[in-house]
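Comments concern the structure below.
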Amino acid sequence: MCGIIGYLGGREATPILMESLKRLEYRGYDSAGVAVLELPRAGEAVRTSITKSEAKVDTLIEKLEANMPSGRLGIGHTRWATHGKPTYINAHPHTDCKGKIFVVHNGIIENFAELKAELEAEGHEFPSETDTEVVPHLIEKYYKGDFLAAVRAALKRMKGAYALAMFSSDDPELLVGARLNAPLVVGLGEKENYIASDITAIIPYTKRVLVLGEGEVAAVTPLGAEVSSLDGVTVKPKIVHVDWDVTQAQKNGFAHFMLKEIHETPEALANAMRGRLTDDGLVSFREFDVPHEQLRNLNEVILLGMGTSLHAAMIGEYLLEDWVGLPARAVDASEFRYRRPTFADNALGVVITQSGETADTLVALQQAKSRGALTVAVTNVIASSAARDADGAIYLHAGPEIGVASTKTFNSHIVSLCLLAMRLATANDRISLERRHELVEAMRALPEHVKGILARDKEILGLANKYSKYRNFMYAGRGIGYPVALEGALKLKEISYIHAEGTSGGELKHGPIALLDDQFPVVAICTASATKDKMVSNVHEIVARNAPVLALVTKGDRSLDDVATDIFEMPAVEETVSAILNTVMLQLFAYHVAVKLGQDVDQPRNLAKSVTVE
Ligand code: F6R
């Protein structure tokens with residue numbers, strides 16, 4: 001999704017905007033641009049220079065380096081096209097008729113057509129096809145010398161979703177940010193301040209971050225920021241300290257962020273457990289501190305998420321049923337929001353979202369809240385919208401995830417859901433001390449087991465090279481191996497563009513098997529579980545259709561030795577732990593296939609890291 005950066009302070013704005021846009025690239029985008037209010041030279045009027053590129057940020061940087069605008073106030077943007085193609089004209093920043101007001105935007109102005117017609121009738125001209133362009137023109141319409149007042153008046157007319165950074169060349173000491181249904185933060189520095197769509201853009205400069213609330217406007221000057229509502233009522237700002245480290249947002253010698261982040265999994269998993277799990281398997285969450293009695297009364301859990309997070313939710317569903325005996329269902333948040341879902345009297349709504357900003361997931365969260373459910377957000381981003389909107393938060397503490405494809409955070413989500421299931425099982429007396437000890441031991445050993453898989457990278461690379469010649473893949477699993485199969489297929493397709501689908505082993509015979517032949521390999525998850533023997537039978541059926549099989553099996557299990565084309569042995573571990581190890585293997589497999597095919601692994605085409613529009 002679009003990335004936003006704004007700077008106002010004592011330094012040259014352009015290099016800061018360039019660096020920040022580089023850091024925002026991970027969000028996924030197709031064009032980029034900046035506007036800098038230039039310092040007037042003697043005898044000259046103030047002017048704003050706009051530089052845009054209909055390609056990557058590097059092209060924009062080349063242009064800027066050739067003709068560097070000098071100024072202390074500027075805004076920058078990476079655009080992920082929604083309205084209008086990724087062209088030079090459609091790239092942000094956009095301006096008004098007089099070229100005085102400059103705006104960058106993330107989100108969709110749903111009533112833009114109506115506003116545009118009104119403004120056109122009044123004589124405004126719109127060179128671009130974007131919805132965003134109505135914003136500077138609407139501000140222009142209301143501008144009577146007070147920029148902030150004009151911004152508020154314009155925002156009141158807009159429907160939909162927006163995160164905006166704006167300035168007027170009449171006010172060189174004012175940078176304005178506003179948000180509704182899209183995230184925006186203000187970074188607070190020393191005599192300089194920033195506006196950004198996410199923290200990653202500004203971590204090298206400051207760790208003090210003001211998180212803007214829905215419908216709030218920030219008036220940022222070099223000395224601070226004042227937050228107010230659309231009606232101009234002052235709001236007490238919420239300032240958080242971000243513990244992310246700048247080196248975490250760099251590649252540190254890895255070829256890609258995705259590879260680096262897969263390698264960060266052991267630490268991320270340890271962080272998800274840190275301070276939450278006692279030796280006796282008792283779990284506590286600081287930001288979701290709900291009394292035992294309330295947890296005892298729960299009679300249903302609804303897990304909501306999208307994409308990879310939905311797959312994590314599906315694993316959560318299995319765990320809650322199995323460990324707690326509670327009715328649980330994982331639901332695609334984008335479907336849930338348009339249904340009339342039933343809720344038990346004491347339901348718990350768990351939203352799974354790495355970014356905490358996924359539009360569909362946030363609306364589903366609101367729906368769960370409005371139906372009286374207790375809600376908790378399992379998220380990686382402190383003070384994200386999901387964390388703020390839900391009754392409680394379980395933070396992953398996985399560090400920033402820059403690669404568009406989620407990797408380490410999927411596994412952190414699973415560990416967090418294991419902890420949640422243990423907490424609920426204990427509150428409901430559904431788990432013995434002995435079983436808790438078993439689980440604690442299994443979970444604490446997890447980071448080391450993951451390191452063991454990471455150490456076999458060459459073996460996985462060899463398999464990836466061998467299988468990269470195929471254009472279609474099926475992934476099959478049962479039990480928690482089924483969501484793992486879905487996730488393995490998603491990882492492969494999104495970064496390599498190879499067609500891949502996931503299925504349950506049982507479903508295979510009901511249709512998907514028709515696709516199989518010697519050019520359609522199957523990745524079969526056959527590690528130890530209650531349904532392993534059933535998977536072994538499925539593999540026999542697959543092989544009978546001549547499809548090559550890459551089977552993940554538990555070490556020592558010989559049942560597929562003469563059947564599967566390739567076997568990857570996994571350590572004998574608790575089933576949930578094996579889901580994580582299998583996923584790490586499949587992530588590396590997908591990564592190496594995509595690299596072999598020369599794809600842009602960290603920024604796959606058409607995808608965005610944080611999907612803040614519906
Ligand atoms: C796939 C991927 C996406 C996200 C989905 C939800 O690798 O990253 O499918 O999982 O867009 O994002 P979050 O978790 O931020 O809500």
Side-chain angles (χ1 to χ4, degrees), residues 1 26-28 80 106 181-183 197-200 256-259 261-262 265 268 272 303-316 330-337 349-365 376-387 389-390 393-396 398-414 416-417 475 483-484 486-497 500 502 583-584 586-591 594 599-614:
M1 291 286 107
Y26 81 97
R27 292 169 67 97
W80 189 80
N106 174 19
N181 302 322
S197 47
D198 70 74
I199 295 162
T200 321
H256 296 95
F257 281 112
M258 181 177 175
L259 185 61
E261 286 156 7
I262 296 173
T265 306
L303 301 115
L304 299 156
M306 297 301 297
T308 290
S309 291
L310 177 60
H311 299 153
M314 289 172 75
I315 293 182
V331 194
D332 169 328
S334 68
E335 285 297 312
F336 189 80
R337 62 183 289 186
V350 182
V351 289
I352 316 284
T353 166
Q354 185 284 129
S355 61
E357 302 296 350
T358 298
D360 288 307
T361 308
L362 291 179
V363 178
L365 167 61
V376 61
V378 188
T379 181
N380 196 29
V381 181
I382 310 260
S384 56
S385 301
D389 292 354
I394 298 175
Y395 288 118
L396 304 183
E401 193 173 65
I402 310 287
V404 164
S406 289
T407 52
K408 61 176 174 177
T409 56
F410 173 76
N411 286 320
S412 299
H413 268 131
I414 298 178
S416 305
L417 289 168
Y475 284 64
V484 169
L486 293 175
E487 179 57 13
L490 176 62
K491 229 48 357 164
L492 185 70
K493 77 179 112 180
E494 67 183 340
I495 60 169
S496 72
Y497 318 142
T583 305
V584 172
L586 297 180
Q587 289 169 347
L588 284 172
F589 179 76
Y591 169 79
Q599 309 301 12
D600 187 352
V601 173
D602 282 335
Q603 288 159 41
R605 69 186 181 203
N606 306 339
L607 292 180
K609 182 67 184 162
S610 172
V611 185
T612 49
V613 292
E614 159 174 20

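Fair warning: this is a prediction, and the values are worked out from it, not measured in the lab. Each ligand, and each atom within it, is numbered from 1 in the order the structure gives.
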Residue Glu494 vicinity, atoms of ligand 1 by number, heavy atom under 4.0 Å = 1 (C), 7 (O)
Are the aromatic rings of His311 and Phe410 close, with centres under 6.0 Å apart?
-> no
Side chains of Ser385 and Glu357: do they bring a donor and an acceptor to under 3.5 Å?
-> yes
Do Val381 and Thr353 touch side chain to side chain, with heavy atoms closer than 4.5 Å?
-> no
Polar proximity ligand 1 side, His413 side, N/O cut 3.5 Å exclusive | no
Counting from 1 in the order shown, the ligand 1 atoms closer than 4.0 Å to a non-hydrogen atom of Gln354 are 13 (P), 14 (O), 15 (O), 16 (O)
Output the list of atoms in ligand 1 that are nearer than 4.0 Å to some heavy atom of Val404, sorted by atom number.
-> 8 (O)
Can you tell me which residue and heavy atom of the protein come closest to atom 2 (C) of ligand 1, and the distance to 0.1 Å?
-> Thr308 OG1, 3.7 Å
Please report which non-hydrogen protein atom sits nearest to atom 11 (O) of ligand 1, along with the residue it belongs to and the distance in Å to one decimal place.
-> Val611 CG2, 4.1 Å
Is there side-chain contact between Ser355 and Thr379, with at least one heavy-atom pair below 4.5 Å?
-> no
Where is the nearest protein heavy atom to atom 8 (O) of ligand 1: which residue, which atom, and how far?
-> Ser406 OG, 2.9 Å
Do me a favour and list the nearest non-hydrogen protein atom to atom 13 (P) of ligand 1 with residue, atom name and distance?
-> Thr358 OG1, 3.2 Å
With heavy atoms and a 4.0 Å threshold, my read on which part of Lys609 contacts ligand 1 is neither
Considering only the protein, which heavy-atom contact is closest to atom 5 (C) of ligand 1, and what is its distance?
-> Met306 O, 3.4 Å
What are the atoms of ligand 1, with element, lying closer than 4.0 Å to any heavy atom of Ala405?
-> 7 (O)
Candidate pair Val351 and Val376, rule side-chain contact (heavy atoms from CB on, under 4.5 Å), full reasoning = CA-CA 6 Å; Val351 289; Val376 61; over 6 Å; no
May I ask you to list the atoms of ligand 1 that are less than 4.0 angstrom from any heavy atom of Gly307?
-> 9 (O)
Can you find a side-chain donor-acceptor pair between Gln354 and Ser309 that sits under 3.5 Å?
-> no
Does an N or O anywhere in Thr361 fall below 3.5 Å from an N or O of ligand 1?
-> no
Under 4.0 Å from a heavy atom of Lys491: give me the atoms of ligand 1 that qualify, with their elements.
-> 1 (C), 7 (O)
Is the shortest distance from a Lys or Arg side-chain nitrogen in Asp600 or Arg605 to a carboxylate oxygen in the other one below 4.0 Å?
-> no
Strictly by modelled atom types, are Ser496 and Lys491 linked by a side-chain donor-acceptor pair under 3.5 Å?
-> no
Does the side chain of Asp360 pick up a donor-acceptor pair with the side chain of Thr358 at under 3.5 Å?
-> no
